[in-house]
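When a ligand or atom number is given, it counts from 1 through the structure's own listing order. As a basis for the values below, the full set of heavy atoms in this structure was taken, side chains included, without hydrogen atoms, waters or symmetry mates.
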Amino acid sequence: MPFNATPGKYPPNLGIIKEKVKKYYECGQYHKDLERIIKKALKHFKKVSLTPSSTIVFDIDDTVLQDYTNEKAIAFGYIQELFHTWIVNADAPAIPQVKELYDYLVAQGFKIVFLTGRQEKDYAPTLANLKLRGFTTFAKLIMRNPSEYGITASLYKSERRTQLTRQGFTIIGDIGDQWSDLQGPYTGYKVKLPNYKYVIY
Ligand SMILES: [Mg+2]
């Protein structure tokens with residue numbers, strides 16, 4: 001790259017960006033941000049009056065379960081086989097701040113639905129990992145079926161939330177690390193968690 005290059009014309013250096021991302025997650029800022037976001041969400045949900053159909057939708061990866069260590073080990077790339085092995089291992093840690101919010105909502109009697117982009121064939125290890133980390137109470141665990149493999153996360157999740165609503169669930173809150181978790185109809189109150197590692201559309 002020429003030294004007199006037009007500013008903005010060239011991408012940032014990948015190595016530098018990876019170091020910045022690593023620092024964000026490891027210097028405490030990620031946890032500080034999570035604490036602030038979850039505190040605000042708790043404040044909101046404490047004011048909500050509960051009905052028998054009140055439902056909160058949680059994404060799974062990087063929302064209730066943490067992918068960071070696994071991704072750092074492969075320098076923040078995406079290798080499908082490794083990601084799948086990691087799902088099958090079913091030992092991802094919980095994100096403690098989100099677990100606190102989940103525990104509060106369960107104790108209050110809100111219905112919980114997990115809505116993940118993971119595929120139905122991985123139902124058993126996904127369920128095992130959720131249970132291992134104490135996410136034992138929920139009304140549904142929704143995963144992509146083969147007819148949904150080719151559509152965007154945003155469309156898949158919108159359609160599934162619409163379906164839930166037709167089934168009588170009243171979605172009053174939606175928690176995810178991607179904007180595609182929170183776009184479209186029937187989200188209720190949106191809680192966006194930080195993710196500086198990847199984007200899913
Ligand atoms: Mg996610």
Quiz item: Does K99 count as lying over the ring of F135, i.e. NZ or CZ under 6.0 Å from the six-ring centre, within 45 degrees of the axis?
Solution: yes
Quiz item: Backbone N or O of D91 within a donor-acceptor pair of the R133 side chain at under 3.5 Å?
Solution: yes
Quiz item: Would you say D181 has an N, O or S atom lying under 2.8 Å from the Mg ion (ligand 1)?
Solution: no
Exercise. Have a look at D177 and say which of its N, O or S atoms is nearest the Mg ion (ligand 1).
Key: OD1
Exercise. Would you check if the side chain of S54 reaches a backbone N or O of L50 as a donor-acceptor pair within less than 3.5 Å?
Key: no
Quiz prompt | Check: T85 side chain, F83 main-chain N or O, donor-acceptor pair, under 3.5 Å | solution = no
Quiz item: Can you tell me the N, O or S atom of D59 that's nearest the Mg ion (ligand 1)?
Solution: OD2
Quiz item: Which N, O or S atom name in D61 marks its closest approach to the Mg ion (ligand 1)?
Solution: O
